[in-house]
There are 2 protein chains.
Amino acid sequence: MSITIKEIAEKANLSIATVSRALNNLDNVKPATRDLVLSIAGELNYKPNVIARNLVKNTSNIIGVVLPQIDGEFFSEIIHGIDEIAYTGGYHVIVASSHSQRTVAQSIINFMGETIVGGMIILAPMINDQIREIIKGTSVPTVIINGRTHLDNIDTVSIDNYQGAYSMTEYLIKIKGYKKIAHIKGPILNTDASMRYKGYIAALKDNHIQIDESWIINGEFTAESGENGCRRLLSLNEKPEVIFAGNDMMALGCFRVVKAFGMKIPNDIGVVGFDNIMLSEFASPRLTTVHVPISEIGKTATEILLKRMKTTSDNNFKHLKISTGLVIGDSC
Amino acid sequence: MSITIKEIAEKANLSIATVSRALNNLDNVKPATRDLVLSIAGELNYKPNVIARNLVKNTSNIIGVVLPQIDGEFFSEIIHGIDEIAYTGGYHVIVASSHSQRTVAQSIINFMGETIVGGMIILAPMINDQIREIIKGTSVPTVIINGRTHLDNIDTVSIDNYQGAYSMTEYLIKIKGYKKIAHIKGPILNTDASMRYKGYIAALKDNHIQIDESWIINGEFTAESGENGCRRLLSLNEKPEVIFAGNDMMALGCFRVVKAFGMKIPNDIGVVGFDNIMLSEFASPRLTTVHVPISEIGKTATEILLKRMKTTSDNNFKHLKISTGLVIGDSC
DNA sequence: ATCAAATTTGTAAACGTTTACATTATTAAA
DNA sequence: TTTAATAATGTAAACGTTTACAAATTTGAT
């Protein structure tokens, strides 16, 4: 069995209360005794029993992370970001990735139901009413990543998709001189997707470029849907000069189709994306895209969460936007 | 506050002991009372406090997963596999990914020190003496993925790298008719890498092909090291006909260099890899490689772990090998 | 109906902490 | 010194379970 404060107390001729206070260096404990306790603790290689502490404190130093079905790269990067901050704060990270056996909503309910987590980070690009209701009813501090920001009784962290798409579109217009700019959108209910679309539209309008509905295609953020979108665009009478795909996977889908059509990127048509995934670095030509600092999103969300876990009575909810940056490749 | 067995006991006019027994449907509890308890529990939406249970049972329904710095795809797949099995068994998964703040060894010590995990899965392609010592001294049930199998007082799950590399090499020789087969190895201390190398050598020997040391290059499992290796191979007087890279990332590095040299794959030189990562699907031509069922590894490891967590007194340690399969692309 | 055995339930301690409250020791002012 | 204020420590309850052990109830054979 492992060392408990009881043993330390015995060895130091103190009560367990004082030992506890000394270890957590609380209010009134004489420096000499604190040093004594600490040295004995070190000697015995004492490690606090987190479970016991959690029980009495009615909370937990575990952060639950709920993830939808997402790309492996995004998955690992976000966990890394969360884990790094959590670790330095003495917290652990439980992941609940969505799979055949479990939906996002179920994961959340699970986490809250068992007393297992002291805080939650939910990655929900497509937050729906069900999830919203569940979260509303909980007392577990929660941060949502990529939620609609108008969930205002909860902290949120999101990518500044609007700004990213706006910058990219403006870059295509002002720097590259394109006028015929197509866009392949992401899933309809996906917040990221719709904000990117809005940024694209706004940049066109601000630069007095006529919006052509036939150049706006629905996609699903998958390579395949990018292929389909691209095929449709290339079969139009009036083809666009450049395709702004809602994400990199779709852009890579476009790459495939363009090549299959025997056309050259960027000479015959430009293709740009959004996300800056690792894959895009291996594409040839190198993809011009919008960099999303995934790990930073995780870190920021965790920082906010830890603060909230420490001070519950703060009604000032944060809505942070993580800004993006253009990555200039050779694809337009 | 949430519902406890105390409240159920009150409502049912029973002691908390009986309620506990009923909920865990233990030995001797009258069917009628069990039903009563269960219905009240359902009514009140009772969820057991796992923390309290863990405290008294001196264990935990949390599995700690220790991961080194690995590729995002591998990371997420393995977690998925682990999580899926863990979830159906009522377990949670804590991840400790290695990052700037923490090494693998530290993660393990952390997990064991705090009472936080009831079992561990350690992904350690480069298991060293330090880690071995730490694991030896723990009472936490542990499964190692990719460890040397000669750690015989512990369960292990590993990829059958030898068989995979052997099959690939044999395929190159017998089906494709290659005789000049180069190999770019992975990191020296990496078990996967060395087993792959051994498989390659064995297949050459078994097919009576002279081994040429200048065609065997050290790599680091990174795209860059693949580039370097390829560059060296292409600058030899007697060039190989095909390069068997120790993993896909290095194979993709080769792709880049071959293209930069103005050569064509597979006409001028063949390139094959190992792992079957998603990236390789996007390479052109499609990479011929060895498929590693990552998710299945995670699942298998978890199944073994859960069994061991339930019955501690089993000294019959398992050493499972997950077999691989060839994926035929167009790169050789 | 009686008694022993078997079944079912209850009592209370335990798990390792934290913390309100009580007690004791120390300090500083009178 | 005495006394009051302050600082340091101790006592004991609490967190929500599980589980030996004890007690009570039911069952079945006589």
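Lettering of chains follows the sequences in order, A, B, ..., and the numbering in each one begins at 1. It should be emphasised that the depicted structure is a prediction, and the values quoted were computed from it without experimental measurement.
To the nearest angstrom, C1' of D/dG10 lies 15 Å from CD of A/Glu10. When rounded to the nearest whole Å, the span between CZ of B/Arg53 and C1' of C/dT17 equals 20 Å. In this structure, A/Ile3 places its CD1 atom 16 Å from C1' of C/dC15, rounding to the nearest Å. Between the CG atom of B/Asn13 and the P atom of D/dT25 there is a distance of 14 Å, rounded to whole Å. Nucleotide C/dG10 holds its C1' atom 13 Å from the CD1 atom of B/Ile5, rounded to whole Å. What separates CD1 of A/Ile16 from P of D/dA14 is a distance of 15 Å, to the nearest Å. Atom CG in A/Asp35 sits about 11 Å away from atom P in D/dT9, given to the nearest Å. As a whole-Å value, the separation of A/Asn49 CG from C/dA14 P is 17 Å.
The side chain of A/Asn24 lies closest to C/dT18, out of D/dG16, D/dT9, C/dT18. Ranking C/dT18, D/dT18, C/dT9 by closeness to the B/Val29 side chain, first place goes to C/dT9. The listed nucleotides are D/dA8, D/dA12, D/dT18; the one nearest the side chain of A/Lys30 is D/dA8. Taking only side-chain atoms of B/Leu14, from C-beta outward, the nucleotide of C/dG16, C/dT9, D/dA12 with the closest atom is C/dT9. Here D/dC15 is the nucleotide among D/dC15, D/dG10, C/dT18 with the atom lying nearest to any side-chain atom of A/Leu55. You'll find that the side chain of A/Pro31 is closest to D/dA8, out of C/dT19, D/dA8, D/dT19.
The residue A/Ile51 sits apart from the nucleic acid: no heavy atom pair falls under 4.0 Å. A/Asn28 comes within 4.0 angstrom of a base, heavy atoms only.
Remark: B/Tyr46 is in phosphate contact with D/dT17, judged by side-chain N or O atoms under 4.0 Å from OP1 or OP2. The shortest distance between the side-chain N/O atoms of A/Thr33 and the OP1/OP2 oxygens of D/dT9 is below 4.0 Å. For C/dT17, the OP1/OP2 oxygens have no side-chain nitrogen or oxygen of A/Ser20 closer than 4.0 Å. Contact check, B/Asn54 against C/dC15: no side-chain N or O comes under 4.0 Å of OP1 or OP2. Taking only side-chain nitrogens and oxygens, B/Thr4 never comes nearer than 4.0 Å to OP1 or OP2 of D/dG16. Neither OP1 nor OP2 of D/dT9 sits under 4.0 Å from any side-chain N or O of A/Thr18.
The two residues B/Lys11 and B/Leu44 make their nearest non-hydrogen contact at NZ-CD2, 3.8 Å. Of all heavy-atom pairs spanning B/Leu55 and A/Ala52, the tightest one is CD1-CB, 3.8 Å. The two residues A/Leu305 and A/Gly119 come nearest to each other via the heavy atoms CD2-C, 4.1 Å.
In this structure, A/Val56 and B/Arg21 both approach DNA chain C, and ranking their closest nucleotides by distance from the 5' end singles out B/Arg21.
The closest side-chain donor-acceptor pair between A/Thr300 and A/Glu303, if any, does not fall under 3.5 angstrom. A/Thr156 and A/His319 form a side-chain donor-acceptor contact under 3.5 Å, judged by distance and modelled atom types alone.
For the atom pair CD1 (B/Ile40) and CG (B/Asp35), the distance works out to 11.5 Å, reported to the nearest 0.5 Å.
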